[in-house]
Amino acid sequence: QVQLVESGGGLVPPGGSLKLSCSASGDVTSIYSMGWARQTPGTVREPLAQITKDGTAEYSDFVKGRFTISLDKAKSTVYLQMHNLKPEDSAVYYCNAGPPFPRLAEQDYWGQGTQVTVSS
C-alpha cells in the first residue's frame, strides 16, 4: 500500500504562482509514476501531468507551458509548479501514484487533495 499527502494549496490572485507537493509513504518501491489531477464540483477528475521514475513527463494540453511537474526520488515527493494561474484553474488538486498502466484499482493510489483557489 501507498499513502499520498498533498500540500501547498491556497488562495492566489490571477496571474500568480503556486507550488504543490505530494509526499508518498508505504511501499514506495512499487511506484512507477506519479502525477496530478484536479476536480471541481460536479465535474470529472481531469489529469494534468505525470512523471515516471526515469523522469519522463507528460502534460495535458491545457496546462502545457504553465505547469511543470518534477520528482524528487530520494524524498518520494512529486511537485507541481504552477504559473500564470487563472480562475478556471480553481479546483481540488489530487496526487496520484502507482505501477505502469493499466493499473489494478487497488494499485491506483490517490491523496486527499489540496484546494487551489484563484481569485482577486
Nearest 0.5 Å please: distance from the [atom1] atom of [X] over to the [atom2] atom of [Y].
{"X": "Thr43", "Y": "Arg38", "atom1": "OG1", "atom2": "CZ", "answer": "9.5 Å"}
{"X": "Gln112", "Y": "Glu6", "atom1": "CD", "atom2": "CD", "answer": "7.5 Å"}
{"X": "Leu20", "Y": "Tyr79", "atom1": "CG", "atom2": "OH", "answer": "11.5 Å"}
{"X": "Trp36", "Y": "Ile69", "atom1": "CH2", "atom2": "CD1", "answer": "8.0 Å"}
{"X": "Ser60", "Y": "Gln50", "atom1": "OG", "atom2": "CD", "answer": "9.5 Å"}
{"X": "Cys22", "Y": "Lys75", "atom1": "SG", "atom2": "NZ", "answer": "14.0 Å"}

Original post:
More than 12 non-hydrogen atoms from neighbouring residues, nucleotides or ligands closer than 6.0 Å to CD on Glu58, yes or no?
Top reply: no
Original post:
Any chain of hydrophobic side-chain contacts (each under 4.5 Å) joining Met34 to Val5?
Top reply: no
Closest non-hydrogen atom pair between [X] and [Y], with its separation:
{"X": "Gln1", "Y": "Glu106", "answer": "OE1-O, 4.1 Å"}
{"X": "Ala24", "Y": "Ile31", "answer": "CB-CD1, 3.8 Å"}
{"X": "Thr40", "Y": "Ala91", "answer": "CG2-CB, 3.6 Å"}
{"X": "Ser120", "Y": "Pro14", "answer": "N-CD, 3.7 Å"}
{"X": "Pro47", "Y": "Ala37", "answer": "CA-CB, 3.9 Å"}
{"X": "Ser17", "Y": "Val12", "answer": "O-CG1, 3.9 Å"}

Partners passing side chain to side chain donor-acceptor pair (under 3.5 Å) against [X] (at least two apart in sequence or in another chain):
{"X": "Ser33", "result": "Arg103"}
{"X": "Asp61", "result": "Lys64"}
{"X": "Ser23", "result": "Thr77"}

**OP:** Take Leu18 and Val116, measure what side chain to side chain contact (heavy atoms under 4.5 Å, CB included) needs, and give me the verdict at the end.
**Re:** CA-CA 9 Å; Leu18 205 60; Val116 172; 3.9 Å; yes
Subject >> Side-chain donor/acceptor of Asn96 to backbone N/O of Tyr109, under 3.5 Å >> reply: yes
Check whether any side-chain heavy atom of [X] lies under 4.5 Å from a side-chain heavy atom of [Y], and answer yes or no.
{"X": "Phe62", "Y": "Glu46", "value": "yes"}
{"X": "Val78", "Y": "Ile51", "value": "yes"}
{"X": "Thr52", "Y": "Tyr32", "value": "yes"}

**OP:** Please step through side chain to side chain contact (heavy atoms under 4.5 Å, CB included) for the pair Phe67 and Leu85, ending with a clear verdict.
**Re:** CA-CA 9 Å; Phe67 292 8; Leu85 286 163; 4.0 Å; yes
Original post:
For Ser119, what residues pass the side-chain contact (heavy atoms from CB on, under 4.5 Å) criterion, not counting sequence neighbours?
Top reply: Leu11, Thr117
**OP:** Return the set of residues passing side-chain contact (heavy atoms from CB on, under 4.5 Å) with Thr29 (not counting sequence neighbours), or none when no residue passes.
**Re:** Asp27
Subject >> Name of the residue among Gln81, Lys86, Met82 meeting side chain to side chain contact (heavy atoms under 4.5 Å, CB included) with Arg66 >> reply: Lys86
Original post:
Which ILVMFWY residues can you reach from Trp110 by hopping between side chains whose heavy atoms are under 4.5 Å apart?
Top reply: Val92, Tyr94
